[in-house]
Amino acid sequence: MDYTLQELMVAAGAREIRDDDVVFVGMRLPLLAFQLAKAIHAPHATGIFENGILRDKPAGDALYTMGDAPNTEGAIWTTSMMDIMALLQNGRVSLGFIGGAEVDRFGNLNTTYIGEREKVKIRLPGSGGGSDIASLSRRFVIIMNHEKRRFVERVSYITSPGFGEGRSWRDRNGLRGGGPCAVITTKAILRFDSETKEMILDSLHPGATVEEILENTGWNLRCASKIDKTEPPTRSELQKIRKYDPLGFWTRNTMR
Amino acid sequence: MAQKIFSMKEAVSRFIEDGDSVVVGAALESAIPFSAGHEIVRQGKKDLTLIGPISDMLFDQIIGSGCVKKVIAAWVGNVIMGVGYNMRRAMEEGIPRKIEMDDYTNFAISLALHAGALGIPFIPTKSLLGTGMMSEEQPFKGMECPYTKEKLALVPALKPDAAILQAQRADEQGNTHFWGGSGVTKEAALAARKVLVVVEEIVSRKVIERDPNRTLIPGFLVSAVIQEPWGAHPSPMQGYYNRDHEKYMTYHRESKDREGYLKWLKKWVLGLKNRDEYLKLLGEEKIKSLLIKHHRKSLPVDYGY
């Protein structure tokens with residue numbers, strides 16, 4: 001069955017969700033990944049949304065944002081952002097998803113600006129809840145386009161902290177959460193060395209090569225001793241993704 | 001008792017002053033007071049500071065109209081499409097004017113408003129640590145906890161001049177029912193000096209009393225109640241209408257350059273007198289397509305004794 005790159009990334013994102021996870025869902029592709037995981041392999045996972053929603057079943061209709069009416073219908077709890085952030089800060093959230101404009105070798109993300117505060121070259125939208133998720137969730141997954149200008153040796157501004165300068169940086173800075181556990185890109189899946197906390201190439205998407213990944217990464221990227229192949233989405237995963245994104249807004253670029 | 005019912009035009013003219021700090025978009029992607037924002041633009045308010053968690057398109061529109069000198073927010077853009085072009089033009093090129101931004105996170109905005117609501121100067125958090133937001137030019141500071149010795153970030157209180165909050169219904173005194181995820185709506189209402197409530201329907205006091213758990217804002221905090229059906233369009237209002245996704249897509253294309261944005265502005269804001277004219281321009285067919293089709297009514301509960 002043919003599939004798009006976005007469908008592959010949604011499936012890879014969903015597979016990071018475990019059945020006992022409390023997931024801080026966020027926006028864009030993770031909205032779909034959560035729906036997919038619930039339908040396929042993580043029926044008991046709980047999803048929380050920072051506008052103030054907690055739900056444990058897929059929404060009845062396609063979601064473009066967490067604030068869409070179908071995300072409230074069938075929810076277990078609708079409340080304030082403060083309550084959702086309380087769960088996050090108090091260590092109750094096991095997994096979060098975030099995206100970024102720039103990521104570096106220790107998984108730090110910049111979504112604020114490129115340039116200087118007084119002389120902004122490119123103004124990016126900002127943190128949203130991303131920085132809170134990166135600081136406070138027990139683990140988090142980064143979803144990114146794999147391009148050299150986005151995979152930089154060192155981000156100029158840390159919006160959402162990964163492992164900082166590596167090793168025990170998070171502890172030294174008083175951060176509670178466990179840091180990033182995976183980076184799902186348009187070409188590969190990367191993970192982090194348990195000691196140095198540096199990003200490592202872990203799995204290649206079908207058709208991608210190690211050379212291509214290295215060329216599109218702005219530092220000398222290390223590779224795992226055995227590099228996996230990312231499993232393509234299964235037929236049943238694709239059926240669900242297409243059910244939750246019927247017009248292909250997120251996964252088939254049909255409307256942009 | 002003071003008369004609190006105003007038209008949008010009267011309410012904005014009377015309660016939003018040049019230089020005010022104003023919360024808009026407190027419930028994130030839903031219940032965004034677009035109608036109020038457009039009236040602010042029509043009245044050409046100046047030097048506003050906009051406060052919000054994320055802002056899905058409305059901040060971008062108000063910034064592009066030159067009403068804003070500063071933004072205090074976690075995210076400014078267009079949630080399904082990405083960047084806000086007016087925000088970029090203002091920050092990168094000073095078009096139509098230079099604006100300042102204090103970068104917050106969503107949690108930091110809720111904590112800042114919560115501190116304002118509690119009447120205390122700051123609140124500590126375990127977020128923000130190690131990020132660029134802890135730099136000296138930003139409002140946050142670090143501290144060692146006097147009890148546990150752990151590192152903390154401090155978020156100073158925000159006490160906005162005004163909060164414009166969109167909800168489903170209120171009575172004439174501003175006692176306001178809200179359902180769905182409310183974001184920082186309650187914190188904003190409790191922290192702000194002036195509270196403007198924009199609702200789909202004005203209901204009797206009895207409707208409020210019959211379900212006090214659904215009251216998010218008590219009326220004695222409210223300065224103005226504005227009945228403005230479809231006032232949140234194109235954002236969704238639970239129980240009334242769905243999100244108009246297409247509007248976000250077309251705005252993204254139309255606002256890409258300054259000229260395109262000015263054309264959009266004339267068509268959808270400056271060339272119209274009020275929300276009625278906006279709804280006429282939007283058209284019946286579109287409105288019909290956004291109506292709630294799968295109703296899910298709550299069941300009554302017993303508050304008796």
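At a 4.5 Å heavy-atom cutoff, the contact between B/Glu150 and chain A is made by side-chain atoms alone. Residue A/Leu88 does not touch chain B at all, counting heavy-atom pairs closer than 4.5 Å. Within the 4.5 angstrom heavy-atom criterion, atoms from both the backbone and the side chain of B/Met101 approach chain A. Heavy atoms of B/Phe178 lying under 4.5 Å from chain A are absent altogether. Heavy atoms closer than 4.5 Å to chain B are found in the side chain of A/Trp169, but not in its backbone. Only the side chain of B/Glu187 comes within contact range of chain A, with heavy atoms under 4.5 Å apart. For a residue to count as touching a neighbouring chain, one of its non-hydrogen atoms must lie under 4.5 Å from one of that chain's; by this rule B/Leu113 does not touch chain A. Proximity to chain B (any heavy atom under 4.5 Å) is restricted, for A/Arg172, to the backbone atoms N, CA, C and O.
Enclosure of atom CD in A/Glu147 by more than 12 non-hydrogen atoms of other residues, nucleotides or ligands within 6.0 angstrom is indicated. Within 6.0 Å of CD in A/Glu195 there are 12 or fewer heavy atoms belonging to other residues, nucleotides or ligands. Around NZ of B/Lys288, the count of heavy atoms belonging to other residues, nucleotides or ligands within 6.0 Å does not exceed 12. No more than 12 heavy-atom neighbours from other residues, nucleotides or ligands sit within 6.0 angstrom of NZ on B/Lys141. Atom CZ of A/Arg92 has 12 or fewer neighbouring heavy atoms from other residues, nucleotides or ligands inside a 6.0 Å radius.
When each of A/Gly130, A/Pro125, A/Gly126, A/Ala75 is checked for heavy-atom pairs under 4.5 Å with chain B, A/Pro125 comes out on top. Counting heavy-atom pairs closer than 4.5 Å to chain B, the top residue among A/Glu50, A/Glu73, A/Arg117 is A/Arg117. For chain A, the option among B/His114, B/Glu92, B/Met134, B/Glu93 with the highest count of heavy-atom pairs below 4.5 Å is B/Glu92. For the options B/Thr125, B/Leu152, B/Asp56, heavy-atom pairs under 4.5 Å to chain A are most numerous at B/Thr125. Between chain B and the options A/Pro161, A/Ala86, A/Ser127, heavy-atom pairs under 4.5 Å are most frequent for A/Ser127. Annotation: maximal heavy-atom pairing with chain B below 4.5 Å, among A/Gly128, A/Gly67, A/Ser135, occurs at A/Gly128. By number of non-hydrogen pairs under 4.5 angstrom with chain A, the leading residue of B/Gly77, B/Gly142, B/Pro53, B/Ser110 is B/Ser110.
Not a single donor-acceptor pair under 3.5 Å links the side chain of B/Lys186 to the backbone N or O of A/Ser80. With hydrogens and angles ignored, the 3.5 Å screen pairs no side-chain donor or acceptor of A/Asn51 with any backbone N or O of B/Ala27. A donor-acceptor pair is defined here as one N or O able to donate and one able to accept, closer than 3.5 Å; no such pair exists between the side chain of B/Glu29 and the backbone of A/Thr65. No donor-acceptor pair under 3.5 Å is formed between the side chain of B/Lys151 and the backbone N or O of A/Leu175. B/Ser182 places a side-chain N or O within 3.5 Å of a backbone atom of A/Thr79 that can act as its donor or acceptor partner.
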Take A/Trp250 and B/Ile80 through the test side-chain contact (heavy atoms from CB on, under 4.5 Å) and record every step on the way to the result.
CA-CA 9 Å; A/Trp250 295 116; B/Ile80 62 168; 4.0 Å; yes
Evaluate the criterion side-chain contact (heavy atoms from CB on, under 4.5 Å) for residue pair B/Arg243 and A/Tyr64; output intermediate values, then yes/no.
CA-CA 9 Å; B/Arg243 189 174 189 272; A/Tyr64 290 71; 4.2 Å; yes
Using side-chain contact (heavy atoms from CB on, under 4.5 Å), reason through A/Tyr157 and B/Met133 one step at a time and then give a plain yes or no.
CA-CA 9 Å; A/Tyr157 182 104; B/Met133 287 166 276; 3.3 Å; yes
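With no hydrogens or angles considered, no side-chain donor-acceptor pair links A/Gln89 and B/Ser127 at under 3.5 Å. For the 3.5 Å distance criterion, the side chains of A/Asp132 and B/Thr105 qualify, holding a donor opposite an acceptor.
Closest approach of A/Gly129 and B/Asn106 over heavy atoms only: N-ND2, 3.1 Å.
Considering only heavy atoms from C-beta on, B/Leu28 stays 4.5 Å or farther from A/Phe49 through its side chain. The closest side-chain heavy-atom distance from A/Pro70 to B/Asn242 is below 4.5 Å. Between B/Arg88 and A/Ile122 there is a side-chain heavy-atom pair separated by less than 4.5 Å.
Annotation: the span from A/Thr72 atom OG1 to B/Arg296 atom CZ amounts to 12.5 Å, rounded to 0.5 Å. One distance of note links CE of A/Met81 with CD1 of B/Ile54; it measures 8.0 Å at 0.5 Å rounding. Remark: B/Tyr85 OH to A/Arg123 CZ distance equals 16.0 Å, nearest 0.5 Å. Between the CG atom of B/Leu129 and the CG atom of A/Asn173 there is a distance of 7.0 Å, given to the nearest 0.5 Å. Atoms NE2 and CG, on B/His245 and A/Leu63 in that order, are 8.5 Å from each other to the nearest 0.5 Å. How far OG1 of A/Thr78 is from CD of B/Gln238: 8.5 Å, rounded to the nearest 0.5 Å.
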